[in-house]
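A quick write-up on the structure given underneath.
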2 protein chains.
Amino acid sequence: MPHITPGAGAKRATMKDVAALAGVSPKTVSNVLTGSAGVREPTRRVVEEAMQSLGYVPNLSARGLRNGRTGVIGFALPDLATAFSATLTHAIVQVAHERGLAVLVEETAADPTREHQLVARAREHSIDGLILNPVRLEDSVVEYLEHLPPVVLIGEVEQYKTDRVFVESRAAARQMTEHLIERGARRIAVIGGSQGVRPGLATSGLRLRGYLEALEGAGIEPDPGLQISVRQWTIEAGAAAVRELHAAGEAFDALLCFTDSMALGALHALHELGLQVPRDVLVAGFDDVEHARYAVPGLTTVGFDHVAYVTAALDLLQRRIDGRDLAAQAVPVPHRLIVRDSTSASPAGVGDSSRN
Amino acid sequence: MPHITPGAGAKRATMKDVAALAGVSPKTVSNVLTGSAGVREPTRRVVEEAMQSLGYVPNLSARGLRNGRTGVIGFALPDLATAFSATLTHAIVQVAHERGLAVLVEETAADPTREHQLVARAREHSIDGLILNPVRLEDSVVEYLEHLPPVVLIGEVEQYKTDRVFVESRAAARQMTEHLIERGARRIAVIGGSQGVRPGLATSGLRLRGYLEALEGAGIEPDPGLQISVRQWTIEAGAAAVRELHAAGEAFDALLCFTDSMALGALHALHELGLQVPRDVLVAGFDDVEHARYAVPGLTTVGFDHVAYVTAALDLLQRRIDGRDLAAQAVPVPHRLIVRDSTSASPAGVGDSSRN
DNA sequence: CTGAAAGCGCTTACAG
DNA sequence: CTGAAAGCGCTTACAG
């Protein structure tokens, strides 16, 4: 049974109290705690016993005020409700915890000004640094980075002033599209490009480029009617995109979805329409969230090591916190195609096949 | 373009700087910020302009040190990777943000001592309070609650010393089981009870009781072979439970899963086994995560308002932070059956039907 | 409605 | 290796 701190009524013990009980100065207690200076073994023991018996817990606000570090980092994602967000949050909390850091989560998609606010006000919550997955590139905080607290970006941001961790989205999309073509698909719809995004700038642009490159390599003419824009990368948007495609009477035999969430929504909508995967349509996603493996049918996707991903981000952030003048670094995390049942056959296709 | 705080090199402006520029005392700046005392309109304007031009951002560590509040709450769940966790985290961050609070997330399942640590050390991270979904009831922190920082529990904990928010799990499980029976199911397997849990104590015990009550009400003899224990409430565990049931040769025509995640895993495993839902087997879950609606087929589940749930928890926590001597309150959040395709037909059942 | 003083609990120089 | 002093940036009494 672990020791529990004194209750609400009891006044909380301070370093001074510990020092008094141990018969040393507060500085020595501090030394025992931080290990910043050597403390002789007997002294250390006495101090530790005093801390035990008083239930002493250091006050992070005081420490933070004094030395400017709180041991808390911010983690900001567009939408915390997605499976991918859950996967990443789970991973970062684990890794941060091993390093004695706590994680403050934030969500940016709900409010267009939220990214700015977060970075601008990061220090308000006494955050040592921020790991951010930016969504609004054009007017993103990244443009002001020289003025900002330590920030590491995660995702495919073509911008070189900031530390960042990314997956080779363009290559991955190209490889996945090639896989679909190899399986016999010819009319591959792509779900997730967002209107107004300059190709190549953000993740969706890069993935779109990879898709187009693969089509070109196979001599397939791209069809704008097969490029479905969405507002958010949600399950719902994936389902809606399939219904839209179907309502428009577009012929298609495969779906390349820019996230697993959208792919899961697509699987549901296809099922509702009475279409079978992979018999009629192949479906592929991105991210390899746990739900992908357990989709019906299992979802082919682009996978990467989520723990490695957040570990790289945290490494960069800690490096940046310690030394602000280092050159920005961009760390790629390896990806691989994970082929499951959703692309395990040649598709018959749906819609007007004379257009194939 | 929002104002951005001065960079790392530039020294951060303090209240004192603002006061100097505005020609007032620091106290007046503080008053403008907190609204604790009336400030005349012209004075306020001058101060606000000074804050603007200096890019002033209050230092929460200092504020926290001074008045004991940081505006940060802890949110601790067993497993952040689940869909339900994502749903709740999304909701609490939204609601907390509206109230000017930030959320520090924690995960407890990885380490049996983590719940204790969290509560015991809550103040270390300068958290004003903690919202906790406890998993280890017997030796849970709740037993020491008189000594603890403000804590609100979420989930079905039969314990009356702490504020808590809950769903009527027993009634919900009974209603869902009745629904399955009404649809024609007779051999209903239940997935999610954990070994060694005293019935009625924790969520799984309550749900098991509700299930048994419904069987009894319908005159169906419970079969221990249909009660599958799992270690964690994950997708994987749901899939494994179905495979286990199948390998054991148990006849069953419905699955009552204690979470949607497990139900999603079950749907996948049934599909792998070539079984159709709802034609062969009915499947029901709990929680109504977004994935449930978009499952293949859409998953019947127990739904409740997730925002209302976390709002109630936050209300209780804020009340508790403000006044520690109040009597503990237990707030039920209404639930309802959400019937989707996974229970939309009478099941044929699988396995040795002579046992039905 | 506003100001000058004190102190929240730590840690960083500075001495010994 | 340890101590006494000062101060991080706020806000709470206490005066005016």
Side-chain angles (χ1 to χ4, degrees), chain A residues 5-6 10-48 50-51 54-72 121-128, chain B residues 5-6 10-48 50-51 54-72 121-128:
Chain A
T5 51
K11 234 188 122 199
R12 180 178 171 182
T14 72
M15 195 170 259
K16 204 170 153 189
D17 301 328
V18 175
L21 183 60
V24 299
S25 81
K27 172 66 167 104
T28 305
V29 180
S30 176
N31 285 343
V32 170
L33 234 48
T34 63
S36 56
V39 178
R40 240 172 297 193
E41 201 42 43
T43 313
R44 166 184 300 277
R45 194 154 35 228
V46 173
V47 170
E48 276 167 355
M51 294 198 297
L54 291 175
Y56 172 71
V57 174
N59 179 324
L60 265 219
S61 285
R63 185 178 288 170
L65 175 57
R66 180 60 237 199
N67 65 14
R69 300 273 179 90
T70 56
V72 178
R121 303 174 75 84
R123 296 200 200 103
E124 180 171 0
H125 280 299
S126 306
I127 288 171
D128 292 343
Chain B
T5 52
K11 234 188 125 201
R12 180 178 170 183
T14 72
M15 195 171 262
K16 205 171 153 188
D17 301 327
V18 175
L21 183 59
V24 299
S25 82
K27 173 66 167 103
T28 304
V29 179
S30 176
N31 285 342
V32 169
L33 235 48
T34 62
S36 57
V39 177
R40 240 172 298 195
E41 203 40 46
T43 314
R44 166 183 300 276
R45 196 158 29 230
V46 173
V47 170
E48 276 166 355
M51 294 197 297
L54 291 173
Y56 173 72
V57 174
N59 180 324
L60 265 219
S61 284
R63 184 179 288 171
L65 175 57
R66 178 61 237 196
N67 64 14
R69 301 273 179 89
T70 57
V72 178
R121 302 173 77 84
R123 296 201 200 105
E124 181 170 0
H125 280 299
S126 306
I127 288 171
D128 291 343

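Being a predicted model, the structure only gives us computed values, none of them experimental. Chain identifiers are assigned alphabetically (A, B, ...) following the order of the sequence lines, protein sequences preceding nucleic acid strands; residue numbering begins at 1 within each chain. For the numbers below, each heavy atom of this structure counts, side chains included, while hydrogens, waters and symmetry mates do not.
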Legend entry - Nearest-Å distance for atom pair CE/P, residues A:Met15 and C:dG7: 20 Å

Inset, instruction - Check whether any side-chain heavy atom of A:Tyr56 sits under 4.5 Å from a side-chain heavy atom of A:Leu21, and report yes or no. - result: no

Legend entry - Between D:dT12 (C1') and B:Arg69 (CZ): distance, integer Å: 14 Å

Inset, instruction - Using a cut-off of strictly less than 4.0 Å, decide whether B:Ser30 has a side-chain nitrogen or oxygen near OP1 or OP2 of D:dT11. - result: yes

Legend entry - Atom-pair distance (CG on A:Leu60; P on C:dC10), nearest Å: 10 Å

Legend entry - C:dG9 phosphate, OP1 or OP2, under 4.0 Å from A:Ser61 side-chain N/O: no

Inset, instruction - Grab the CG-P distance between A:Leu33 and C:dT11 for me, whole Å please. - result: 7 Å

Legend entry - B:Thr43 vs B:Ala62, nearer the 5' end of DNA chain C by closest nucleotide: B:Thr43

Legend entry - Euclidean distance, B:Glu48 CD relative to B:Leu33 CG, rounded to 0.5 Å: 9.0 Å

Inset, instruction - Determine whether A:Asn59 and B:Leu65 make a side-chain contact, defined as any pair of heavy atoms from C-beta on separated by less than 4.5 Å. - result: yes

Inset, instruction - Write down the distance between CD (A:Glu41) and C1' (D:dC1), rounded to a whole number of angstrom. - result: 14 Å

Legend entry - Separation of A:Ser61 OG from B:Arg69 CZ (nearest 0.5 Å): 12.5 Å

Inset, instruction - Strictly below 4.0 Å, heavy-atom distances to any atom of DNA chain D: list the hits from residues 18-25 of chain A, or just say none. - result: A:Val24, A:Ser25

Inset, instruction - Using Watson-Crick or G-U wobble geometry with both distances below 3.5 Å, tell me the partner of C:dA4, or none. - result: none

Legend entry - First encountered from the 5' end of DNA chain C, between A:Pro26 and B:Arg66: B:Arg66

Inset, instruction - Please determine, for the side chain of B:Leu65, which listed nucleotide (D:dT2, C:dG3, C:dG9) has the closest atom? - result: C:dG9

Legend entry - Among A:Val32, A:Val24, A:Asn31, A:Thr28, side chain to side chain contact (heavy atoms under 4.5 Å, CB included) partner for A:Arg44: A:Val32

Legend entry - Atom-to-atom span, NZ of B:Lys27 to C1' of D:dG16 - whole angstrom: 14 Å

Inset, instruction - Give the rounded distance in Å between these two atoms: CZ of B:Arg63 and P of C:dC10. - result: 21 Å

Inset, instruction - Supply the atom-to-atom distance A:Met51 CE to A:Met15 CE, rounded to the nearest 0.5 angstrom. - result: 8.5 Å

Legend entry - Rounded distance in Å - CG (B:Asn31) to P (D:dT11): 9 Å

Inset, instruction - Taking the side chain as every heavy atom from C-beta outward, state whether A:Thr43 and A:Val46 have any pair of such atoms under 4.5 Å apart. - result: no

Inset, instruction - Any strand is fair game: report the nucleotide pairing with D:dA13 by Watson-Crick or G-U wobble, both distances under 3.5 Å, or none. - result: none

